[in-house]
Amino acid sequence: MAEMKKDGGKKPWAGRFTQATAKSVEKFTESISFDKRLSSFDIAGSIAHAKMLSEQGIITKDEGAEILNGLEKIRNEILEKRVGNIEFDKSVEDIHMYVESELIKLYPVSGKKLHTARSRNDQVALDTRLLLKFITTVVTTQITFFQRTLIEIAQININTIMPGYTHMQRAQPVTLAHHLLAYVAMFERDKERYADAIKRTDTLALGACALAGTTLNINRAAVAEELGFERIADNSIDAVSDRDFVIEFISNSSMLMMHLSRMAEELVLWSTKEFSFIEISDAYTTGSSIMPQKKNPDVAELIRGKTGRVYGALVAILTTMKALPLAYNRDMQEDKEPLFDVIDTITNILPVINEMFKNIKFNKELMRKTAAEGFSLATDLAEYLVTKGMPFREAHEVTGNVVRHCIDNSKDLHELTLEEFKRFSELIGKDIYSRLTVEASVKGRKSYGGTGEVKEQIKRLQKKVDKEWTGK
Ligand code: ARG
């Protein structure tokens, strides 16, 4: 025992051991260097637990009061020093044992009662759920701010026409507003997914104890109420085995990153000399150490690049969990570093991309000019023929022939004479010319969700986005 004390102190679980933990094992198994991030949630959980123990008469009121006092002190000390700055002694293993051992230092008698009817297995599940409930609000708020920026930019670009693409080939003219609103809609789904995951994350695990529950007369409902949990885990074995909520958060974040990455890719592409659709402000680009002329879209590239690490975290946690027998296994400690990395990655990206977007200059003339090129109005001609009574398949064929003729004669559609048009179909009249402009094309696509009803789309999306933010 004396030797054990010398070697980093006696472990709370040391009763059945005769030898001290090897230093290498302490270093290998510790999680305090990263799970210290859970400290405020861990202490909140302990406070609720202690209150319940004393309410239930499992500990006395005085012991309960001492424990609460001690926990407040520990919380304040951590808050003052700021948890990131604290070098924790690795021999305390994890944040749960740190808090408990500090409490015992303050109150050697009552402190030893805090861990009654509780295990680190249900504690860690509780802490991670509390963390994710909090972080999900942060992330969805950040997404909302970004959506609002996109909507603002869309509002002033209702009439900015650009080429819409399929297969990276110019397809049909759309408005810049329409294109940006596509991202707003994607981010809206991301928020829905996060909100849906909260339904399951918002479940109290504490009280499951090691895995089987307890013989002591605890009150889980009171703890759920105190900590603001919507429901209590039904099965104590599941409560300590489950990391679905971690996987869901990372999976939802992967989807968000996929969306951000597609957007980043477009920013990279659009800022090339070849496209020249946008100029990202100097403040959000970087230079080359050798080529003096360079201005690189590194922020967008890094957003695209960081998608890989978020997907990596998803595969890591899925793989960690895939063959774990019930209930708790130490493997599960491996959920934390990838999870924290995902949290850092997305909460760093969202404010930066938001700022960057506010500082993008759109080259509207060039976008408009490019939108008109490459027979982007061919579908308009086909739909014109449909309105004159031609079956669409036939109209498609006729228009294809017109396009072929234009290619062979180096002309654009609107440059054909009426006689030339009539060679392909008698149904074409001189009203075709007013249809063959990008403005008419865009305006005409008034179908629900189409590029011609962007004003209404803005209203619809704005309503959804604002509703979550303002509650109105
Ligand atoms: N540090 C552990 C984790 O993060 C806490 C739970 C440990 N439980 C145990 N019985 N060893 O998963």
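All residue numbers refer to positions in the sequence shown, counting from 1. Every number for a ligand or one of its atoms is a count from 1 in the order of the listing. Source: prediction; values computed, not measured.
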Item checked: His259 and Phe187 aromatic ring geometry - parallel, tilted or perpendicular at 30°/60° bounds -> perpendicular
Notebook entry, point to check: Hey, does Met162 have a side-chain heavy atom less than 4.5 Å from the side chain of Arg368?
Noted result: no
Check: Can you list every pair that meets ring-ring contact (aromatic ring centres under 6.0 Å, His included) and has a residue in residues 71-113, with sequence neighbours left out?
Finding: Phe88-Tyr98
Notebook entry, point to check: Below 4.5 Å, heavy atoms only, C-beta onward: do Ile143 and Glu188 meet side chain to side chain?
Noted result: no
Check: Within 45° of the axis and under 6.0 Å from the centre of the six-membered ring of Tyr165, does NZ or CZ of Arg170 qualify?
Finding: no
Next item on the list: Check whether any side-chain heavy atom of Ser288 lies under 4.5 Å from a side-chain heavy atom of Lys295, and answer yes or no.
Entry: no
Between the protein and ligand 1, are there any N or O atom pairs that come within less than 3.5 Å of each other, and if so, what are their names and distances?
from     : atom 1 : to     : atom 2 : distance (Å)
ligand 1 : 1 (N)  : Ser31  : OG     : 3.1
ligand 1 : 1 (N)  : Asp94  : OD2    : 3.1
ligand 1 : 1 (N)  : Gln333 : OE1    : 2.8
ligand 1 : 4 (O)  : Lys336 : NZ     : 2.6
ligand 1 : 8 (N)  : Asn121 : OD1    : 3.0
ligand 1 : 10 (N) : Asn121 : OD1    : 3.2
ligand 1 : 12 (O) : Tyr328 : OH     : 2.5

